[in-house]
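Below: the structure, in structure tokens.
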There are 2 protein chains.
Amino acid sequence: MNIADHIYSTDSANQDRAQAIRDNLRDAIVDRRLAPGTKLSEGEVGTLFDVSRTVARAALQMLSFEGLVRTERNRGAFVANPSPEEARQVFASRRLIEPGIAVAACGRVTAADIAAFRAQLDEEGRFIAERGPTARRSEIKASGDFHLLLASVAGNGILQRFMEELVARSSLVIALYGRSGVSACGHSEHTKIVGALESSDCERASQLMLHHIDHIEADLDLRVRAGPALREALNF
Amino acid sequence: MNIADHIYSTDSANQDRAQAIRDNLRDAIVDRRLAPGTKLSEGEVGTLFDVSRTVARAALQMLSFEGLVRTERNRGAFVANPSPEEARQVFASRRLIEPGIAVAACGRVTAADIAAFRAQLDEEGRFIAERGPTARRSEIKASGDFHLLLASVAGNGILQRFMEELVARSSLVIALYGRSGVSACGHSEHTKIVGALESSDCERASQLMLHHIDHIEADLDLRVRAGPALREALNF
DNA sequence: CCGGAAAAGATTGCATACGATTTTTGTGCA
DNA sequence: TGCACAAAAATCGTATGCAATCTTTTCCGG
């Protein structure tokens, strides 16, 4: 049983091929296999996934709605390169939404959910123990999956979709502006949140979540650098 | 100067023809000129706006992302017919987000913004005074625009987009499940919120917003009816 | 007169084609 | 060598065509 089934249960089953390509690309972006600024040409995506440009284009359009891809008229689609300001907005949004999600989840969490959380925490722990860039990427992804799992438990499909977008964009931001191993402390905070859920201490879960988000953002270096404009101009 | 310019400034200027069609259709849905469940065939939309099915399809895809349109594989697109459960989720989401938006707006509001709010309130008042279904539609729309204006003042593009979706879906929900003239009291609450903003009383703005949302939802009749399934089956 | 199967029609999913725009390459001139 | 400008290539925006799927109509047996 895959954790993705649990999280995306409602929305990935239906619809068409474009959705599958979107998911694939989203994973690649979130995993940092596709660097910010990378050009995603319709033709290339199409041949890569063995579909026509029509379908590739639809997938790119979806990603552009999620803010993971920026499209410029007559120029194409690029992996988003969020500015520090955008990064702040992402976290400001999460500060508004996620404590509430924690409360909602707290009120609905079942024993099965707790088990799923435990499994998720174990996986996080495994990646943290490992070394190397691959483990690092998996670690960021697993950390995001924790938040998505929480959102799915909260039982609000709309908020869940918002969180999917915010978590994906956060991964981008962390990849771009992250300083240290945020995840070591992040993991312990996740564990604490699950503890609060288990003991039905909703208020505490909410507080822990708020602090957790603060900690993630505090680990970022959001000072504007001289470089980005140039690097951006060079499509790099 | 149009209020839409103020609200959608960042996002409507760029991009393509599909966006214009989307905006047009969205207005029609929010204004209730297109009833929930109405079929939006690609061909019809295309000929209506004098574009090919390709472009029409893109516009419908956007609306489906916003939750205003539901698409079924090989069957087409229909104006969304939100269930009571979805309606609750919409308002639960707004309860999480909008008080925070009110606080953010409170911290950034300028004299020019206040003037825009006043103009908006005046317009609301005008429609409330008028009689007839057209005025009623305009009234719902104007009421939504107030919330969008607030979101634009808050200065967070991500939250602003979330609110665009939530307000649009709320309009649908109110059209479907609304009981009375919610707007009479809604208008006075809007006025109070602007008052709080003007006196920089952020905490009060937040509280007023929360109660305002509660009041809107309280005016809905979200009991499940026997009818909907049948009406839906009849495409009516 | 009614019910159900088969054909006709309509609509979507997807691929491909073509003009328009952008980017790159190549060439002549200072 | 360096730069300006034009040709070529690549890429996008959009229309259209065809197969697959769904809907509606027709027709026939009961």
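Since this is a predicted model, take the numbers as computed values, not measurements.
Checked by atom type, the side-chain pair B:R70/B:S64 shows no donor-acceptor distance below 3.5 Å.
The backbone N or O of A:D113 sits less than 3.5 Å from a side-chain atom of A:T110, completing a donor-acceptor pair. Here the side chain of A:D221 pairs no donor or acceptor atom with the backbone of A:R179 at under 3.5 angstrom.
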Treating primed atoms plus P, OP1 and OP2 as sugar-phosphate and everything else as base, which nucleotides of nucleotides 8-17 of chain D get B, S or - for protein heavy atoms under 4.0 Å? ---SBBBBBB
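Using a 4.0 Å cutoff to heavy atoms of chain B, the contacted part of DNA chain C runs 5' to 3' from C:dT11 to C:dC14.
Across every non-hydrogen atom of A:F65 and A:E165, the tightest pair is O-OE1, 4.0 Å.
Relative orientation of the A:H190 and A:F146 rings is parallel, given thresholds of 30° and 60° on the angle between their planes. In this pair, A:F162 and B:F162 present their aromatic rings parallel. The plane angle is below 30°, not in the 30 to 60° band.
To the nearest 0.5 Å, atom CD of residue A:E66 and atom CZ of residue A:R161 are 9.5 Å apart.
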